[in-house]
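Just so we're on the same page: letters track the sequence lines, and every chain starts at 1.
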Protein chains: 2
Amino acid sequence: MGGMATAERRAQPARVDATRNRERIIAAAREAFVEHGPSVPLDAIAHRAGVGNATLYRHFADRHELIHVVASYSLARITEQAESALAEETDAFEALRRFVHRAADERVGALCSMLYEGFDKDDPHVVDARIRLETAVEQLMDNARQSGQLRSDVGLGDLMVAITQLTRPVAGTECALIERYMHRHLQIFIDGLRAPARSELSGTAARFEDFEADRA
Amino acid sequence: MGGMATAERRAQPARVDATRNRERIIAAAREAFVEHGPSVPLDAIAHRAGVGNATLYRHFADRHELIHVVASYSLARITEQAESALAEETDAFEALRRFVHRAADERVGALCSMLYEGFDKDDPHVVDARIRLETAVEQLMDNARQSGQLRSDVGLGDLMVAITQLTRPVAGTECALIERYMHRHLQIFIDGLRAPARSELSGTAARFEDFEADRA
DNA sequence: GGCGAAACGGAGATCTTCTCCCCGTTTTCC
DNA sequence: GGAAAACGGGGAGAAGATCTCCGTTTCGCC
């Protein structure tokens with residue numbers, strides 16, 4: 001792995017316009033998935049990326065592969081956010097708060113929609129990434145709990161689902177709307193997470209596994 | 001309009017199996033819309049209702065009409081919840097809390113998805129119903145604010161959007177999952193709404209009109 | 001500056017999927 | 001017990017998405 005940029009999986013060095021288009025498509029796909037869901041026409045993604053549809057199919061065999069790449073990207077970036085919040089913030093609750101807002105900016109809500117439809121959840125890379133994310137967020141929550149700032153009756157799943165739901169695009173409206181308000185609503189939710197708890201919650205703390213099981 | 005049950009709009013009294021099927025279809029449509037969104041195949045709704053697709057088309061001219069009926073039903077029931085909470089609860093914040101949880105049970109989240117796609121928002125009946133709902137919820141919030149229990153930096157839109165988002169089905173999973181957790185998350189959100197506010201919110205209080213504007 | 005190879009874009013054939021109608025059969029109600 | 005109304009399944013027609021073909025353009029290197 002000399003000094004050259006990360007080469008494509010092919011032996012060929014890949015032309016610069018090809019790699020640029022590939023990244024444009026990924027970016028466009030991310031936006032399109034966020035706005036219109038995981039079954040948005042691929043032609044629409046190509047159009048949004050400013051390329052012909054043939055170019056899209058040249059880079060990605062099918063929708064499945066495109067989703068996989070986009071979701072992996074997002075998952076990795078969210079994990080980085082969790083880990084850097086963990087490393088850089090001194091206050092435990094502030095670290096949690098920072099992570100939540102950063103994760104929102106990465107549009108976890110839309111990511112999760114993708115994760116479910118057509119995403120190989122048993123792919124080793126994906127499993128690794130997910131475990132890393134879970135570990136980091138669990139750590140963030142543990143820290144906040146032990147410092148007495150986080151109510152003790154909430155679990156990882158509660159937080160992740162809330163982020164997912166509150167950052168999803170409101171059906172039928174343009175993205176601008178939810179972007180304007182999601183941070184407000186997340187902040188209110190976070191305020192509700194603070195100790196001491198202001199009410200008693202029904203059910204039990206949601207874990208991540210609960211969602212795994214239900215997916216099968 | 002004597003003592004007989006509410007007659008169908010036709011002159012004919014309507015057969016009992018016909019009205020029963022009609023209601024089955026409406027119920028099935030509500031569930032199907034909640035689970036799969038407003039563009040779920042009509043044949044799937046008919047199947048879920050246990051009737052042939054022809055029966056569905058006999059009762060409703062097209063998808064538009066079906067959505068209209070289902071959404072009107074839900075809107076009316078949610079409005080009733082708001083008004084009864086207003087009338088029956090003595091504590092202002094408890095009234096608000098009760099409304100939120102009841103509204104969640106009516107699946108406002110799914111309703112809103114419907115409201116946007118293919119719903120005549122200028123229909124006089126709909127406008128009336130919406131204004132009644134807004135008035136009642138605004139009253140609930142005003143009461144809670146004036147009693148010093150609701151933080152003052154949140155608006156009607158903040159609450160409605162949060163309910164909408166937190167009660168939507170998690171993409172790709174079965175309904176059971178979200179039903180299990182939505183009340184927990186709404187409760188946490190409500191705890192965050194309590195005065196005194198535990199943080200400062202970005203942006204301004206969301207109003208309902210903000211969403212109207214964006215829809216056009 | 002020019003040449004070969006690789007990438008590009010648009011148009012269209014194919015395939016899936018949803019809508020909606022037809023018509024023989026069953027159910028309701030008098 | 002019979003007429004009228006409602007029902008169900010199958011399938012034609014339409015719409016839309018996927019993916020490929022092929023002529024044109026761009027890149028990278030001599």
Side-chain angles (χ1 to χ4, degrees), chain A residues 4-5 7-29 31-33 35-70 113-114 117-119, chain B residues 2-5 7-29 31-33 35-70 113-114 117-119:
Chain A
M4 55 167 50
E8 298 302 309
R9 53 175 70 93
R10 338 261 185 94
Q12 298 286 32
R15 263 165 55 168
V16 296
D17 57 339
T19 61
R20 189 195 56 218
N21 276 338
R22 187 187 159 87
E23 278 170 30
R24 275 192 192 170
I25 291 171
I26 292 176
E31 294 172 24
F33 285 140
E35 281 181 37
H36 304 106
S39 54
V40 60
L42 296 186
D43 281 19
I45 294 176
H47 179 76
R48 181 192 280 251
V51 304
N53 52 8
T55 301
L56 190 151
Y57 285 102
R58 201 170 298 113
H59 284 285
F60 306 94
D62 54 13
R63 158 177 262 103
H64 194 81
E65 184 177 330
L66 180 58
I67 288 181
H68 186 85
V69 170
V70 172
S113 313
M114 284 185 268
E117 277 184 55
F119 191 65
Chain B
M4 56 166 50
E8 299 303 310
R9 53 175 71 91
R10 337 261 185 95
Q12 299 288 33
R15 263 165 54 169
V16 296
D17 58 339
T19 62
R20 189 195 57 216
N21 276 338
R22 187 188 159 87
E23 277 168 32
R24 275 191 192 170
I25 291 170
I26 293 175
E31 293 171 26
F33 286 141
E35 281 181 37
H36 304 105
S39 53
V40 60
L42 296 186
D43 281 18
I45 294 176
H47 180 74
R48 181 192 281 251
V51 304
N53 52 9
T55 301
L56 190 152
Y57 285 102
R58 202 171 296 117
H59 284 286
F60 306 95
D62 54 14
R63 158 180 259 100
H64 194 81
E65 184 177 330
L66 181 58
I67 288 181
H68 186 85
V69 170
V70 172
S113 313
M114 285 186 264
E117 275 183 56
F119 192 64

> Short question: side chain of B:Asn21, backbone of B:Arg24 - any donor-acceptor pair under 3.5 Å?
Replying inline: no

> Can you check whether A:Arg20's main-chain N or O pairs, donor with acceptor, with A:Asp17's side chain at less than 3.5 Å?
Replying inline: no

> Between A:Arg22 (CZ) and C:dC8 (P), how many Å, whole number?
Replying inline: 11 Å

> Rounding to a whole Å, what distance do you find between A:Asp17:CG and C:dA5:P?
Replying inline: 17 Å

> Do you know which of A:Val69, A:Val51, A:Leu42 makes side-chain contact (heavy atoms from CB on, under 4.5 Å) with A:Ile25?
Replying inline: A:Val51

> OP1 or OP2 of D:dA6 sitting under 4.0 Å from any side-chain N/O of B:Thr55?
Replying inline: no

> Just by protein heavy atoms under 4.0 Å, how would nucleotides 13-26 of chain C read 5' to 3' in B, S and -?
Replying inline: -----SBBBB----

>> With a cut-off of less than 4.0 Å, is there a side-chain N or O of B:His59 near OP1 or OP2 of D:dC7?
In response: yes

> To the nearest angstrom, how far is A:Leu66 atom CG from D:dA17 atom C1'?
Replying inline: 15 Å

> Where is the tightest heavy-atom contact between B:Ile45 and B:Ala32, given as atom of each residue plus distance?
Replying inline: CG1-CB, 3.8 Å

>> Among residues at least two apart in sequence or on other chains, which ones pass side chain to side chain donor-acceptor pair (under 3.5 Å) with B:Arg48?
In response: B:Glu31, B:Glu35

> When rounded to the nearest 0.5 angstrom, what distance separates CG in B:Leu56 from CZ in B:Arg63?
Replying inline: 9.5 Å

> End-to-end bend of the helix from C:dG1-D:dC30 to C:dC30-D:dG1 (five-pair axes, 10° rounding)?
Replying inline: 30°

> Atom NE2 of A:His47 and atom C1' of D:dA17: how far apart are they, to the nearest Å?
Replying inline: 16 Å

> How many Å lie between CG on B:Leu56 and P on D:dG9, as a whole number?
Replying inline: 14 Å

>> Please report the interatomic distance OG1(B:Thr55) to NE2(B:His59), rounded to the nearest 0.5 Å.
In response: 6.0 Å

>> Please give me the minimum heavy-atom distance between A:Gly52 and A:Ala46, naming the atom from each residue.
In response: O-CB, 3.8 Å

>> From CG of A:Asn21 over to P of D:dT25, roughly how many Å is that when rounded to an integer?
In response: 17 Å

>> Rounded to the nearest 0.5 Å, what separates atom CD1 in B:Ile67 from atom CG in B:Asp62?
In response: 9.0 Å

